[in-house]
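What follows is one structure encoded as structure tokens, with my remarks underneath.
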Amino acid sequence: MSAVREERYVDLKKLCDKIAPEMFETLSWILMMNIDLVPKDDIDINPNLQFSHLLMIDKSTEAKELGKKMADSTNPVSKYYKQLFELDPKLEKTKQIADGFFALAKRRLEIIERLGIRQV
């Protein structure tokens with residue numbers, strides 16, 4: 001089973017160029033590639049990982065709430081969350097970009113669930 005290059009390798013820059021080029025710098029600091037491979041315990045304790053995970057599993061409302069908290073925090077990446085909400089207050093463009101960015105991760109999770117593989 002082969003996949004076209006775009007399905008195998010996700011290029012955030014190309015996704016942003018298609019939807020909102022000005023968001024690349026900000027999202028490159030926020031979105032986490034291969035978030036599906038990160039252990040759940042690590043995601044639970046790291047708000048930046050949680051943000052990516054929420055977007056990946058289509059929980060945009062929760063991601064927006066968490067993003068606002070991150071923007072208001074003293075976390076080193078808070079400035080990128082502030083920029084994100086200046087560029088995309090409703091996270092509509094972010095969601096469009098995240099859908100493409102996390103498509104492969106979502107497919108891997110579907111296969112893992114179908115095969116009954118558990119993450120340790």
Side-chain angles (χ1 to χ4, degrees):
M1 172 171 148
S2 66
V4 293
R5 185 175 190 277
E6 287 76 21
E7 291 176 345
R8 291 186 303 169
Y9 304 103
V10 178
D11 187 336
L12 182 61
K13 178 83 169 106
K14 286 182 185 177
L15 287 169
C16 288
D17 285 349
K18 289 179 186 176
I19 298 167
E22 70 281 4
M23 294 181 66
F24 172 71
E25 180 67 25
T26 301
L27 290 178
S28 68
W29 283 96
I30 294 175
L31 296 184
M32 175 61 66
M33 180 62 115
N34 298 325
I35 189 70
D36 59 308
L37 303 178
V38 177
K40 177 102 171 79
D41 290 344
D42 291 351
I43 292 171
D44 290 342
I45 60 171
N46 184 315
N48 196 51
L49 294 177
Q50 287 175 17
F51 182 80
S52 288
H53 187 257
L54 290 168
L55 285 173
M56 183 185 71
I57 61 172
D58 297 322
K59 292 191 175 185
S60 299
T61 303
E62 292 91 336
K64 186 175 177 180
E65 291 171 9
L66 180 59
K68 294 265 186 201
K69 287 180 188 172
M70 290 293 290
D72 293 336
S73 75
T74 58
N75 188 306
V77 296
S78 67
K79 68 179 181 179
Y80 298 108
Y81 284 93
K82 288 175 187 160
Q83 290 172 0
L84 176 65
F85 285 105
E86 288 171 10
L87 294 169
D88 188 20
K90 295 182 180 180
L91 294 188
E92 292 169 339
K93 293 175 187 172
T94 301
K95 178 67 176 119
Q96 282 182 286
I97 293 167
D99 285 346
F101 189 71
F102 293 125
L104 181 59
K106 288 175 81 170
R107 279 197 298 268
R108 284 192 301 243
L109 285 175
E110 290 168 5
I111 291 168
I112 286 168
E113 288 174 9
R114 193 172 348 131
L115 295 176
I117 300 169
R118 293 181 190 222
Q119 187 178 24
V120 179

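Numbering starts at 1 and runs along the sequence shown. Computed from a prediction, not measured in an experiment: that's the story for all the values here. In what follows, every heavy atom counts, from backbone to side chain, and hydrogens, waters and symmetry copies are set aside.
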Item to check | CA sep, side-chain torsions, deciding dist, call: Ile97, Leu27, side-chain contact (heavy atoms from CB on, under 4.5 Å) | outcome: CA-CA 9 Å; Ile97 293 167; Leu27 290 178; 3.7 Å; yes
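By the 4.5 Å heavy-atom criterion applied to side chains, Ser78 and Ser73 are counted as neighbours.
Closest of all the heavy-atom pairs between Lys13 and Asp11 is N-OD1, 3.0 Å. Pairing each heavy atom of Leu15 with each of Gly100, the nearest pair is CD1-C, 3.8 Å. Between Asp42 and Leu49 the shortest heavy-atom distance is O-CD1, 3.7 Å. When all heavy atoms of Gln50 and Ile43 are compared, the pair lying nearest together is CG-O, 2.9 Å.
A distance of 10.0 Å separates CD of Glu22 from CG of Asp17, quoted to the nearest 0.5 Å. To the nearest 0.5 Å, atoms CG (Asn34) and CG (Leu104) are separated by 7.5 Å. Note that NZ of Lys14 is 14.0 Å distant from CZ of Phe101, once rounded to the nearest 0.5 Å. With values rounded to the nearest 0.5 angstrom, Ser52 atom OG is found 5.0 Å from Leu31 atom CG.
Formation of a donor-acceptor pair under 3.5 Å by the Asp88 side chain with backbone atoms of Glu92 is found in this model.
In terms of the side chain to side chain donor-acceptor pair (under 3.5 Å) criterion, residue partners of Thr26 (sequence neighbours excluded) are, by chain and number, Gln83. Taking Tyr80 as the reference, Trp29 meet the ring pair (Phe, Tyr, Trp, His ring centres under 6.0 Å) condition, with sequence neighbours excluded. Among residues two or more places apart in sequence or in another chain, the ring pair (Phe, Tyr, Trp, His ring centres under 6.0 Å) test is passed with Phe51 by Tyr81. Listed by chain and residue number, nothing satisfies the salt bridge (Lys or Arg N to Asp or Glu O under 4.0 Å) test with Lys79 (two or more places apart in sequence, or in another chain). Partners of Glu25 under the salt bridge (Lys or Arg N to Asp or Glu O under 4.0 Å) rule, at least two apart in sequence or in another chain, do not exist in this structure.
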Could you list the donor-acceptor pairs under 3.5 angstrom formed by side chains in residues 53-72, with sequence neighbours left out?
| unit_1 | atom_1 | unit_2 | atom_2 | d |
| --- | --- | --- | --- | --- |
| Asp58 | OD1 | Lys95 | NZ | 2.6 |
| Asp58 | OD1 | Lys106 | NZ | 3.4 |
| Asp58 | OD2 | Lys106 | NZ | 2.9 |

